[in-house]
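In what follows, a structure is listed as structure tokens, so that the remarks can point back to it.
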Amino acid sequence: MKKICVFTILLFFIFTKPSHAIVVECINCSDLITQVLGYVVDVEDLGESVKQYEELFTQTLQGIEMIQQNINQYMNMVQNTLTLPSTIKNKLIGNLKTLVGTIKGFGSYYDDMMAMKEIFNDIYPDFDSMQAEVLGASPIRTRISNYRTHCEKWREEVDKSLEITFGVTGEQLQSMIDSGEFESQVSELLSTPEGQMQALDAGNQLAGMQLEESRNLRALLASYIQTISQIEKKREMERDIEIESKLELYDMSQGDPSVSLPTGW
């Protein structure tokens with residue numbers, strides 16, 4: 001069943017810009033974006049939310065790195081002792097379960113990027129032009145499109161790897177996790193030294209592929225943050241110029257009575 005998230009974001013703009021609500025329907029978005037965008041009420045909050053999203057995503061990446069380190073340790077144990085203790089087998093099953101569970105997340109992260117793009121385009125009318133200025137020939141729109149194509153190929157490679165090891169696809173494995181069949185399936189595979197090494201090889205490959213994709217997504221997130229930062233700097237400069245112009249006009253009015261100030265001054 002598809003997960004549909006609807007984000008209603010109230011944005012109160014600086015100076016005389018009116019407040020308005022942005023409603024974004026996001027199909028299959030991740031829980032991460034639900035956490036960080038659920039309580040955004042102004043532009044500053046949105047910028048901070050993107051940074052928070054990056055931090056949460058970084059924690060996911062760090063978790064995968066730790067699993068890969070564990071798997072490498074387990075591989076050394078198998079090579080030295082020819083078999084894994086039962087306690088380590090249980091840890092390995094948990095590690096593999098986590099890796100299979102995070103596969104689905106990478107498709108959701110793509111939908112997260114699209115949701116952010118829609119929100120930013122509504123808030124920042126100059127977002128696309130600023131992207132071109134910041135990112136050169138690779139605006140975020142192109143990067144997201146390229147990433148989606150890459151992600152689809154990546155999922156195909158993951159499925160091939162899982163089918164070789166477990167005889168089923170990633171989606172089927174996820175169904176086995178949901179039904180509780182995953183542990184028994186992997187336990188049977190881990191009953192022999194050959195099966196243990198096969199499972200470890202698959203886990204190591206999965207972790208490596210996910211780490212690569214995580215770094216690609218972090219680079220995409222960095223593009224958002226960089227673009228927002230440039231837009232905010234530009235707007236701050238424009239506000240400073242506006243304030244300076246008003247001060248100059250005020251000074252002129254003090255020295256020359258014929259100079260009239262705008263209504264409300």
Side-chain angles (χ1 to χ4, degrees), residues 3 26 28-36 50 52-76 78 88-116 140 143-178 182-183 185-186 189-190 196-225:
K3 178 176 67 176
C26 186
N28 290 331
C29 278
S30 73
D31 292 336
L32 290 184
I33 199 169
T34 305
Q35 292 178 45
V36 301
V50 177
Q52 184 182 359
Y53 182 96
E54 184 188 32
E55 291 173 0
L56 292 171
F57 188 80
T58 298
Q59 293 175 14
T60 301
L61 187 151
Q62 291 171 343
I64 297 172
E65 288 176 336
M66 289 182 63
I67 288 176
Q68 189 177 50
Q69 292 173 7
N70 291 340
I71 290 175
N72 287 331
Q73 292 177 359
Y74 302 156
M75 293 180 78
N76 290 333
V78 172
I88 298 299
K89 288 182 184 179
N90 291 333
K91 290 181 180 179
L92 176 57
I93 291 173
N95 289 158
L96 293 173
K97 187 175 180 179
T98 299
L99 288 176
V100 172
T102 54
I103 291 172
K104 186 179 179 180
F106 286 95
S108 298
Y109 298 144
Y110 161 77
D111 290 302
D112 292 354
M113 299 298 111
M114 292 299 294
M116 287 186 189
I140 291 178
R143 289 190 175 193
I144 293 176
S145 177
N146 291 342
Y147 175 72
R148 182 177 191 180
T149 302
H150 175 74
C151 187
E152 291 173 353
K153 293 180 179 178
W154 178 84
R155 289 291 294 270
E156 292 176 1
E157 293 176 3
V158 169
D159 275 343
K160 289 179 182 178
S161 176
L162 292 174
E163 285 186 43
I164 291 173
T165 305
F166 301 103
V168 294
T169 65
E171 186 173 345
Q172 290 171 325
L173 268 182
Q174 184 60 54
S175 296
M176 292 172 65
I177 290 175
D178 295 338
F182 180 81
E183 287 82 354
Q185 173 87 0
V186 179
L189 181 65
L190 297 179
Q196 291 174 16
M197 186 55 72
Q198 186 179 356
L200 288 167
D201 284 336
N204 199 29
Q205 185 177 3
L206 277 176
M209 295 173 74
Q210 291 185 23
L211 286 173
E212 181 181 357
E213 288 307 293
S214 297
R215 294 184 182 108
N216 290 337
L217 278 165
R218 283 189 70 189
L220 196 58
L221 277 169
S223 300
Y224 275 109
I225 294 172

Legend entry - Those residues that, when tested against Y74, pass ring pair (Phe, Tyr, Trp, His ring centres under 6.0 Å) (two or more places apart): none

Legend entry - Non-neighbouring partners of N95 that pass side-chain hydrogen bond (donor to acceptor under 3.5 Å, both in side chains), sequence neighbours left out: none

Inset, instruction - Determine, stepwise, if the pair N204 / M75 fulfils side chain to side chain contact (heavy atoms under 4.5 Å, CB included). - result: CA-CA 9 Å; N204 199 29; M75 293 180 78; 4.2 Å; yes

Inset, instruction - Quick one: closest heavy-atom pair of L96 and A199, and the distance? - result: CD2-O, 4.0 Å

Inset, instruction - Could you pull out all residues at least two apart from Q196 that satisfy side-chain contact (heavy atoms from CB on, under 4.5 Å)? - result: V78, T83, L84, K89, L190

Inset, instruction - Give, for atom CG of L217 and atom CZ of F57, the distance between the pair rounded to the nearest 0.5 Å. - result: 4.0 Å

Legend entry - Beyond-backbone contact of I164 with D201, side-chain heavy atoms, under 4.5 angstrom: no

Inset, instruction - Measure the CD-CG distance between Q68 and L99 for me, rounded to the nearest 0.5 Å. - result: 9.0 Å

Just distance, no hydrogens or angles: give the donor-acceptor pairs under 3.5 Å from side chains in residues 59-66, sequence neighbours left out.
from : atom 1 : to  : atom 2 : distance (Å)
T60  : OG1    : L56 : O      : 3.4

Legend entry - T102: side-chain hydrogen bond (donor to acceptor under 3.5 Å, both in side chains) partners, not counting sequence neighbours: Q210

Inset, instruction - Using salt bridge (charged side-chain N to carboxylate O under 4.0 Å, His left out) as the criterion, list what pairs up with K97, not counting sequence neighbours. - result: E183

Legend entry - Sequence-distant partners of Q198, side-chain hydrogen bond (donor to acceptor under 3.5 Å, both in side chains), two or more places apart: none

Inset, instruction - Begin from the C-alpha positions of L173 and I103 and carry the test side chain to side chain contact (heavy atoms under 4.5 Å, CB included) through to its verdict. - result: CA-CA 11 Å; L173 268 182; I103 291 172; over 6 Å; no

Legend entry - Partners meeting side-chain contact (heavy atoms from CB on, under 4.5 Å) with E54 (sequence neighbours left out): T58, L221, I225

Inset, instruction - First locate atom OG1 of T165, then atom CG of L206, and finally report the distance between them rounded to the nearest 0.5 Å. - result: 7.5 Å

Inset, instruction - Sequence neighbours left out, what passes side-chain hydrogen bond (donor to acceptor under 3.5 Å, both in side chains) with Q205? Give chain and number order. - result: S161

Inset, instruction - Mind listing the closest non-hydrogen atom pair of F182 and I93 along with its distance? - result: CE2-O, 3.8 Å

